[in-house]
Structures are given as structure tokens and as C-alpha cells.
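See structure below.
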Amino acid sequence: MIKGIKGVKDLLPEETPRWRLIEEKARFWASTFGFHEIRVPIFEVTTLFARSIGASTDIVEKEMYTFQDRDGTSLTLRPEGTAGTVRAYIEHNRAADPLPQKYCYLGPMFRHERPQAGRLRQFHQFGVESFGMADPRADVETIALLWQLLSDLRLPALTLEINNLGYTSDREAYRPVLVAYLRQQESQLCANCVRRIETNPLRVLDCKVPACRAATDAAPTLAGSMAEPATTYFSKVLEGLQAIGIPYQLNHRLVRGLDYYCLTTFEVTTTSLGAQNAVGAGGRYDGLVETLDGPKTPAVGFAVGIERISMMLPESLTPPSVGDKTVYVAAFGERAALQGLKILQDLRLAGVRAVTDFRSATLKAHLRQADRFTCRYTLILGDDELNKGSAILRNMQTKDQVDLPLSTLVASLLPQVLTS
RNA sequence: GUGGGUGUAGCUCAGUUGGUUAGAGCGCUGGAUUGUGGAUCCGGAGGUCGCGGGUUCGAAACCCGUCACUCACCCCA
């Protein structure tokens with residue numbers, strides 16, 4: 001038996017309605033906040049991701065699905081959505097159009113990791129990118145959309161954590177201070193963090209190992225060595241969040257795994273998801289467009305994981321089954337069977353959801369199927385009815401039955417079904 | 001990449017210190033009821049016990065290997 005690939009899941013019909021609900025809400029709120037959908041390819045040249053995400057990040061170092069095209073070009077299945085969106089923005093010279101421009105996207109992403117609860121090799125993200133506004137209120141607007149979407153979906157136990165990464169110059173000023181401190185604590189740190197002192201000292205602050213936590217509790221903070229413009233900017237972001245009533249929690253350890261973030265960075269976590277507790281995350285990335293050879297363009301965005309949202313979605317929000325507006329056509333007997341096929345077609349073309357089972361040859365078998373499909377109505381048509389020129393409409397809940405003339409069948413049936 | 005747990009019917013799971021032909025519930029299917037569903041009763045189908053090797057008179061069970069799934073580390077959505 002050929003099986004699916006590790007970490008790649010089928011979405012069976014039982015699950016697609018809840019996904020569609022999430023997608024519809026995402027598109028609705030994005031549109032309401034002024035974002036427009038963009039669809040970009042799921043694979044790009046490898047260098048796009050290497051340059052944008054950062055060559056020394058885990059994603060680029062060991063998690064990308066990279067392969068050679070027939071001409072030898074190195075291609076990569078996208079591990080996230082921002083790089084492709086920015087590439088499209090630059091390639092189509094959107095910067096020449098009036099700013100700001102706000103985009104959203106929805107689709108599969110690929111990372112070669114060991115699967116676990118809430119983590120897959122093909123997973124799906126909904127994300128937004130807001131280009132052109134170097135204004136704290138643009139950060140607030142983006143966070144507001146994220147928060148509204150998750151709130152509207154009634155996800156439980158959410159926390160918005162937020163941090164200020166400052167400008168590049170702030171991090172450059174902070175780095176030697178932090179490294180000096182970490183060197184003193186080196187014996188307390190885990191092997192991973194000892195290595196990170198060189199490669200990415202900021203990430204040590206985000207380590208989950210308790211010993212590392214304790215060792216860095218008293219570490220000098222980035223905020224401590226941050227210059228004026230960045231602190232003012234961040235306080236305005238917080239001010240904006242307060243103004244529109246979005247609760248947040250400062251987390252100075254919050255360091256995102258992608259190199260392109262600056263200033264505001266945020267993450268929405270939950271306690272109801274197991275170890276993978278991030279539902280969505282994002283931040284500001286003012287340098288990225290320029291890094292990818294576009295014009296200097298400030299930008300901010302976020303992405304949420306659809307699988308993780310789906311796992312948290314309360315049962316009460318999942319759409320009810322569609323059976324109650326469905327008519328089951330129970331046609332049986334030599335001549336009625338063919339007439340039933342025609343009625344089925346007429347109903348469908350008139351916009352009525354109609355089903356049947358062509359294998360069923362008896363009324364009993366038909367009714368059993370109607371019941372299984374949880375249809376509210378069954379249209380009974382045997383040779384007896386055909387001779388009388390009528391059909392029986394049976395309400396499956398009340399067992400009420402009425403005769404309907406075949407000549408005006410669809411018209412007389414429509415109001416009953418649609419108002420039920 | 002590292003570690004733990006679990007692999008028995010479509011699904012959820014029993015299966016005694018190793019002992020005859022591997023079980024249950026649900027689901028599926030047929031009948032009781034040849035023109036009226038759900039409930040009930042009766043019957044039926046469905047298994048390479050993940051796979052390969054080993055120990056043994058005898059293995060679903062014990063040992064080794066392997067694969068898959070899963071949770072966690074790492075990292076992230």
C-alpha cells in the first residue's frame with residue numbers, strides 16, 4: 001500500500017468544514033481591515049529564502065525542502081509566506097503604486113522537521129503583510145487583526161506576548177554587553193546555549209532549559225541599551241494597544257527565529273496546545289524589502305498556523321451538518337427510476353441540494369439511506385405514484401407526507417425545503 | 001538530528017507466568033418486514049496480530065533488528 005509522506009496529512013471530509021470556517025473568518029477579517037489576498041507560488045529559488053530568513057537560522061540550515069530543477073537551479077518549497085510575498089511585491093514593482101499596500105495569503109508551507117503534536121512537514125498558514133507605513137499604528141493594526149481573528153474563533157486561553165527588538169544599531173550595541181554577561185555564566189548554560197553565545201546570543205534568552213532561564217534572569221536587557229527612537233516607537237505601539245483594548249504581556253525574552261525582524265515582535269500563545277504553544281506570531285521587518293533588492297520599505301506582518309487553530313477550535317463553532325436542507329430522492333421501480341434521475345437533475349439545477357443512492361431498489365433501502373444522510377425530506381416516487389402523476393414528499397422528522405403533482409414538483413417543493 | 005511510548009478487524013480496544021480454531025463493542029452487510037427509515041432481535045463478511053529474523057514441542061505475547069505512528073527535546077505556525 002502506498003502511504004502518505006511522513007508529517008503530511010490528509011484532510012478528510014469530516015474536517016474540511018472547520019477548516020473552511022477558519023479560512024472564511026480569516027479572509028473576512030483581513031478584508032475588513034483592508035488587506036487584499038495575494039497568491040504566490042509554493043516554490044521559489046532557494047536564495048530567496050536564504051537571504052530573507054537568514055542563512056544561519058534553523059529553517060535555512062536544516063529544515064528546507066530543497067531540490068534541483070532540471071537545469072540545475074536550486075529550488076525550495078516555501079517554509080514561510082513573507083519571502084514570496086515580498087519577492088512578488090518587488091518583481092511587479094508595486095512600490096510604484098500608491099502606498100500603503102496590505103496583502104494577505106493562505107496556503108501550505110513546508111519544513112523538514114520531526115513531526116509532533118501541532119507540527120507537520122506540510123502545514124498551513126494564514127498571514128498578512130502591511131507595506132509602506134513606518135508608524136506604530138500600523139503595528140497595532142496588524143496585531144488588532146490577529147487578535148480579532150483569534151477572538152472571533154473563540155480560541156481558549158490566549159496570551160499576546162510582545163517585545164521590542166529595536167533597530168539593528170540597538171542590537172549591535174547590546175550584543176557585546178550580553179555576550180560579556182553570558183561568558184560569565186557559561187558554566188551554567190546548556191551546551192546549545194554555549195554555542196549560541198557566538199552564533200546568536202539573543203536566542204539564549206529564549207531558551208527553555210530551566211538552568212539557562214535562571215542564569216539569564218539577571219542578564220542585562222536589550223531595553224537597557226536601547227536608544228531613543230526605538231523606545232519611543234515601542235511605547236506608542238503599547239499605547240495604541242491599550243487604546244483599543246487589546247491585552248498584552250511584555251516578554252523581553254521573546255526573540256523570533258527569523259533574522260528579518262526589528263522593533264515590534266509578538267507572539268500569541270496558548271496553554272491548550274501541548275508543547276507547540278504558538279498559535280500565531282509576527283513582527284516588523286523594515287529592512288527586508290531592501291535586502292531583497294527592492295526600495296527601502298517599512299513593513300509589518302504576522303502568520304497563524306491553521307492546523308493549530310483547528311485543534312483549538314471549540315466544538316460549538318464547528319458548522320452543523322448540511323443534511324437538513326437536503327432532499328433525498330427515493331425513486332424505485334422500472335419506470336420511476338428514470339423519472340427519479342430527471343427529478344434529481346431538476347432539483348439540483350433549481351438550487352436544491354439533492355442526493356440519492358442508485359443501488360437502492362426498494363423503498364426501505366432508500367429510506368434507510370435518507371436517514372443515514374440525515375436528510376430532512378425524502379421524495380418518494382414509485383411506479384404507483386408515477387401512474388397518478390405525483391410524488392410523495394415525506395418529512396423525515398415528523399413523518400408527515402403530502403402528495404405533490406409531478407408537473408409542478410420543483411416549484412411546490414422549493415419553499416418547503418428552503419424555509420425548513 | 002536525539003530520546004520515550006505504542007503497533008491485534010474499517011474505528012476504539014481486550015487477549016491470564018508462552019498453550020488448541022485470536023475476541024468484544026461500534027461500524028458495515030443480510031434477514032425478521034416483497035411500498036415506509038431510526039429501535040429491537042437473529043445471521044454474515046472482515047485479521048500476514050506492522051514487517052523480518054531468532055528462542056521454543058508451541059509465539060499476538062519472550063529476544064534482536066527494522067519500519068510506521070505518536071509524544072517530547074531542538075525549533076517553530
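Side chains included, hydrogens not; waters and symmetry mates left out as well; all remaining heavy atoms used.
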Can you tell me how far apart OH (A/Y248) and CD1 (A/I162) are? Round to the nearest 0.5 Å.
8.0 Å
So which protein nitrogen or oxygen atoms get under 3.5 Å of nucleotides 31-36 of chain B's nitrogens or oxygens?
residue: B/rU33; atom: O2; partner: A/K364; partner atom: NZ; Å: 3.3
residue: B/rG35; atom: O6; partner: A/D384; partner atom: N; Å: 3.1
residue: B/rG35; atom: O6; partner: A/D384; partner atom: OD1; Å: 3.1
residue: B/rG35; atom: O6; partner: A/D384; partner atom: OD2; Å: 2.5
residue: B/rG35; atom: N1; partner: A/E385; partner atom: OE1; Å: 2.8
residue: B/rG35; atom: N1; partner: A/E385; partner atom: OE2; Å: 2.9
residue: B/rG35; atom: N2; partner: A/E385; partner atom: OE1; Å: 3.4
residue: B/rG35; atom: N2; partner: A/E385; partner atom: OE2; Å: 2.5
residue: B/rU36; atom: O2; partner: A/R394; partner atom: NH1; Å: 2.9
residue: B/rU36; atom: O2; partner: A/Q401; partner atom: OE1; Å: 3.2
residue: B/rU36; atom: N3; partner: A/Q401; partner atom: OE1; Å: 3.0
residue: B/rU36; atom: O4; partner: A/Q401; partner atom: NE2; Å: 3.4

For B/rA60 versus B/rC13, give the span between their C1' atoms, rounded off to a whole number of Å.
14 Å
Any strand, both distances under 3.5 Å, Watson-Crick or G-U wobble: B/rG46 pairs with none
Looking for any heavy atom pair under 4.0 Å, which part of the strands does A/L120 touch: base, sugar-phosphate only, or nothing?
base
Between C1' on B/rG1 and CZ on A/R119, what's the gap in Å once rounded to a whole number?
11 Å
For residues A/Y103 and A/F35, establish whether the separation of their ring centroids is below 6.0 Å.
no
Might you list the N or O atoms of the protein lying below 3.5 Å from N or O atoms in nucleotides 39-44 of chain B, with each pair's distance?
none

Run the salt-bridge test on A/R78 and A/E80 with the 4.0 Å N-O cut-off and return the result as yes or no.
no
C1' atom, B/rC62 versus B/rU56: distance in rounded Å?
10 Å
So what's B/rU16 paired with, Watson-Crick or G-U wobble, going by both distances under 3.5 Å?
none
With rounding to whole Å, what would you report as the distance between B/rC28 and B/rG65 at their P atoms?
43 Å
Separation of B/rU70 C1' from A/M311 CE (nearest whole Å)
13 Å
Under 4.0 angstrom, heavy atoms only, what part of the nucleic acid is A/G333 near: base, sugar-phosphate, or nothing?
nothing
Any donor-acceptor pair under 3.5 Å between the side chain of A/R308 and the base of B/rC76?
yes
Closest heavy-atom pair and its distance - A/Q369, A/S360
CG-OG, 3.8 Å
Both distances under 3.5 Å, Watson-Crick or G-U wobble: report the partner of B/rC74, or none.
none
Who pairs with B/rA39 - Watson-Crick or G-U, where each distance is under 3.5 Å:
none
Would you kindly give the NE2-to-C1' distance between A/H112 and B/rC74, to the nearest whole Å?
14 Å
Write down the atom of A/A336, the atom of A/L381, and the distance for their closest heavy-atom approach.
CB-O, 3.4 Å
Side-chain donor or acceptor of A/Q116 under 3.5 Å from a matching atom on the base of B/rC74?
yes
Mapping A/K62 and A/G4 to their closest nucleotides on RNA chain B, which lands nearer the 5' end?
A/G4
Residue matched to B/rC62 through Watson-Crick or wobble contacts both under 3.5 angstrom:
B/rG54
Mind checking whether A/I22 and A/S310 have side chains closer than 4.5 Å, heavy atoms only?
yes
Would you indicate what A/R111 reaches in the nucleic acid, counting non-hydrogen atoms under 4.0 angstrom: base, sugar-phosphate, or nothing?
base
Inter-nucleotide C1' distance (B/rG50, B/rG7), Å rounded:
6 Å
Could you tell me how far apart A/E63 (CD) and B/rC73 (C1') are, to the nearest whole angstrom?
13 Å
Separation of A/L149 atom CG from B/rA77 atom C1', in whole Å?
13 Å
Is the distance between the ring centroids of A/F131 and A/Y89 under 6.0 Å?
yes
Give, ordered by number, those residues of residues 154-166 of chain A having at least one heavy-atom distance below 4.0 Å to an atom of RNA chain B; if nothing qualifies, reply none.
none
Given atom CG of A/D58 and atom P of B/rA77, what is their separation to the nearest angstrom?
11 Å
Any N or O donor-acceptor pair under 3.5 Å from the base of B/rC28 to the side chain of A/R372?
no
Quote, to the nearest angstrom, the P distance that separates B/rU16 from B/rG52.
23 Å
For B/rU6, the Watson-Crick or wobble partner whose two distances fall under 3.5 Å:
B/rA68
Pairing residues for A/H112 by the ring pair (Phe, Tyr, Trp, His ring centres under 6.0 Å) criterion, not counting sequence neighbours
A/Y65
Could you check whether A/E129 and A/T82, counting side-chain N and O atoms only, form a donor-acceptor pair closer than 3.5 Å?
yes
What heavy-atom pair brings A/L77 and A/F67 nearest, and what distance separates the two atoms?
CD1-CE2, 3.6 Å
For A/K399, report the nucleic acid contact type (base, sugar-phosphate, nothing); a contact means any heavy atom under 4.0 Å.
base
What integer number of Å spans the P atoms of B/rG54 and B/rA59?
12 Å
Checking all strands, does A/A117 fall into the base, sugar-phosphate, or nothing category for heavy-atom contacts under 4.0 angstrom?
sugar-phosphate
Less than 4.5 Å apart, side chain to side chain, heavy atoms only: is that true for A/M396 and A/Y377?
no
Between B/rG1 atom C1' and A/E61 atom CD, what is the distance in whole Å?
13 Å
Minimal heavy-atom distance between A/P220 and A/Y174, with the atoms involved, is O-OH, 2.7 Å
Distance check, C1' atoms only: B/rU8 and B/rG46, in whole angstrom units.
14 Å
Output the rounded distance in Å from OH (A/Y261) to P (B/rA77).
6 Å
Indicate the atoms forming the closest heavy-atom contact of A/E267 with A/T269, along with that distance.
OE2-CG2, 3.6 Å
Mind checking the P distance from B/rC63 to B/rU2? Whole angstroms is fine.
23 Å
Table of protein N/O atoms under 3.5 Å from nucleotides 3-13 of chain B N/O atoms:
residue: B/rG3; atom: O6; partner: A/R114; partner atom: NH2; Å: 3.2

Checking N1-N3 plus N6-O4 or O6-N4 for Watson-Crick, or N1-O2 and O6-N3 for wobble, each under 3.5 Å, the partner of B/rC11 is B/rG25
Please report the closest heavy-atom contact between A/L292 and A/I90, naming both atoms and the distance.
O-CD1, 3.4 Å
Please tell me whether A/D371 and A/Y328 have a donor and an acceptor in their side chains that are separated by less than 3.5 angstrom.
no
Under 4.0 Å, heavy atoms only, any strand: does A/M396 hit a base, just the sugar-phosphate, or nothing?
base
Between A/R119 and A/E113, is there a side-chain N and carboxylate O pair less than 4.0 Å apart?
yes
Between side-chain atoms of residues 387-394 of chain A and protein atoms elsewhere (two or more places apart, or another chain), which donor-acceptor pairs fall under 3.5 Å?
residue: A/N387; atom: OD1; partner: A/R335; partner atom: NH2; Å: 2.8
residue: A/N387; atom: ND2; partner: A/D383; partner atom: O; Å: 3.3
residue: A/R394; atom: NH1; partner: A/Q401; partner atom: OE1; Å: 2.7

